[in-house]
Every structure is written in C-alpha cells, then in structure tokens.
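Only one structure is covered here, and it is reproduced in the block below.
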Amino acid sequence: MTQVLLIIISIIAFVFSIYPPAFIAFVAAYVFGFFGCAFIGPIFFGLYWKRANRQSAYAGNIIGALSYIIFSFLNTKRILVLPIPAVAIGMGLSAVSILICTLIFPAAPRVAWEPYFEGEIFEETKEVVKLAMRNV
C-alpha cells in the first residue's frame, strides 16, 4: 500500500513540476505560512518559558493553523483585505492563545523542564530522566 501511494504521489509531483515556478512558489508560500503559524509559537514558548504546558502548545497549534487558513481564504477571495499578511495574524493569535492557556492551565511539572533550564537538578528529576532513557 505504501509503495502504491508513493508511486501515485510521485506521478502527481511530476505532473505539477511541468510548470514549476508559479505552482511551486504558490504551494511553498502557503505551506511555510501554515507551518510557521502552527509551530513557531509553541516551539518558541516551549523552549524559553518554564511555564509553557501541553495545553498551551495544542492551543497555539490549532489556533495558529486555523487562523492562517481562515485569513488566507478571506484575503484570497477579497472578502476581508487587511494591511498585514495572514502569517502575521496567525502567529500573533497563536502567541496570544499560548499566553492565555499557560495562565489558565497549571504549569508543566518541574521534572518536565528542569533538565533544560537548571544546571543542577533534583534527584527526583534524575530518576525520571533515567526511566525515560531506559524506555527509549
């Protein structure tokens, strides 16, 4: 099944690559905008803020991606033309949703972030890290 899907996707990619410049630029712009809105906020806050949690990451992913899709559609159809691009709106809404959710939901447990933010970690955290590494 995987081999058949790979062949079908390869054929589709070949057909679309016959007229590459416009199509590839169009697809790349939307894909990178979508991924930026969905993932940059959660990755940034997850790396640099101890209070970031799972719920805020999910909210940032979902709200960023959906807002990018909605505002791109509205802008493409000329229903709502804004002076800033849909990427900026999506990233902004993603960041705001992350900030709100980190304040609503409890912070991630200390063992989840301590190895990345602290030079010296508690014994409990060391045990959790050892257990996690054993299961890898």
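- The hydrophobic cluster containing I69 also contains V31, counting ILVMFWY residues as joined when their side-chain heavy atoms lie under 4.5 angstrom apart, directly or transitively.
- Under the 4.5 Å side-chain heavy-atom criterion for Ile, Leu, Val, Met, Phe, Trp and Tyr, Y58 and W113 are members of distinct hydrophobic clusters.
- Taking CZ of R134 as the start and NZ of K130 as the end, the distance is 9.0 Å to the nearest 0.5 Å.
- Partners of R110 according to the side-chain hydrogen bond (donor to acceptor under 3.5 Å, both in side chains) rule, which considers only residues two or more places apart in sequence or in another chain, are E114.
- Annotation for R54: atom CZ does not count as buried by contact number, only 12 or fewer foreign heavy atoms lying within 6.0 Å.
- Taking the side chain to side chain contact (heavy atoms under 4.5 Å, CB included) definition, one finds that I8 meets it with V4, I12, sequence neighbours left out.
- With sequence neighbours excluded, the residues that form a ring-ring contact (aromatic ring centres under 6.0 Å, His included) with F35 are F39.
- How far CG of N61 is from OG of S56: 9.5 Å, rounded to the nearest 0.5 Å.
- Note on residues 55-79: no pairs pass salt bridge (charged side-chain N to carboxylate O under 4.0 Å, His left out), not counting sequence neighbours.
- In F117, the CZ atom is crowded: over 12 heavy atoms of neighbouring residues, nucleotides or ligands sit closer than 6.0 Å.
- Residue V15 is not grouped with residue I9 when hydrophobic side chains (ILVMFWY) are merged at heavy-atom distances under 4.5 angstrom, including chains of intermediate members.
- In this structure, the ring-ring contact (aromatic ring centres under 6.0 Å, His included) partners of F44, at least two apart in sequence or on a different chain, are Y48.
- Linking Ile, Leu, Val, Met, Phe, Trp and Tyr residues whenever their side-chain heavy atoms come within less than 4.5 Å places V27 and V87 in a single cluster.
- A search for ring-ring contact (aromatic ring centres under 6.0 Å, His included) contacts involving Y30 returns F26, not counting sequence neighbours.
- Taking Y116 as the reference, nothing meets the side-chain hydrogen bond (donor to acceptor under 3.5 Å, both in side chains) condition, with sequence neighbours excluded.
- Put simply, the side chain of L82 reaches to within 4.5 Å of the side chain of I89, judged on heavy atoms.
- Criterion: ILVMFWY side-chain heavy atoms under 4.5 Å apart, direct or through other members. Under it, I63 and I84 are part of a common hydrophobic cluster.
- Considering only residues two or more places apart in sequence or on other chains, A112 meets the side chain to side chain contact (heavy atoms under 4.5 Å, CB included) condition with A108, P109.
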Between side-chain atoms of residues 92-107 and protein atoms elsewhere (two or more places apart, or another chain), which donor-acceptor pairs fall under 3.5 Å?
unit_1 : atom_1 : unit_2 : atom_2 : d
S94    : OG     : G60    : O      : 3.0
S97    : OG     : L93    : O      : 3.2
S97    : OG     : S94    : O      : 2.8
T102   : OG1    : I98    : O      : 3.2
T102   : OG1    : L99    : O      : 2.8

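- I62 shares a hydrophobic cluster with L66; the chain of contacts runs through ILVMFWY side chains whose heavy atoms sit under 4.5 Å apart.
- Of all heavy-atom pairs spanning I121 and P115, the tightest one is CG2-CA, 3.9 Å.
- The environment of CD in E124 is sparse: at most 12 heavy-atom neighbours from other residues, nucleotides or ligands sit within 6.0 Å.
- Membership of the apolar cluster around V128 extends to V111, as traced through chained side-chain contacts below 4.5 Å between ILVMFWY residues.
- The side chain to side chain contact (heavy atoms under 4.5 Å, CB included) search around A86 returns Y68, F71, S72, not counting sequence neighbours.
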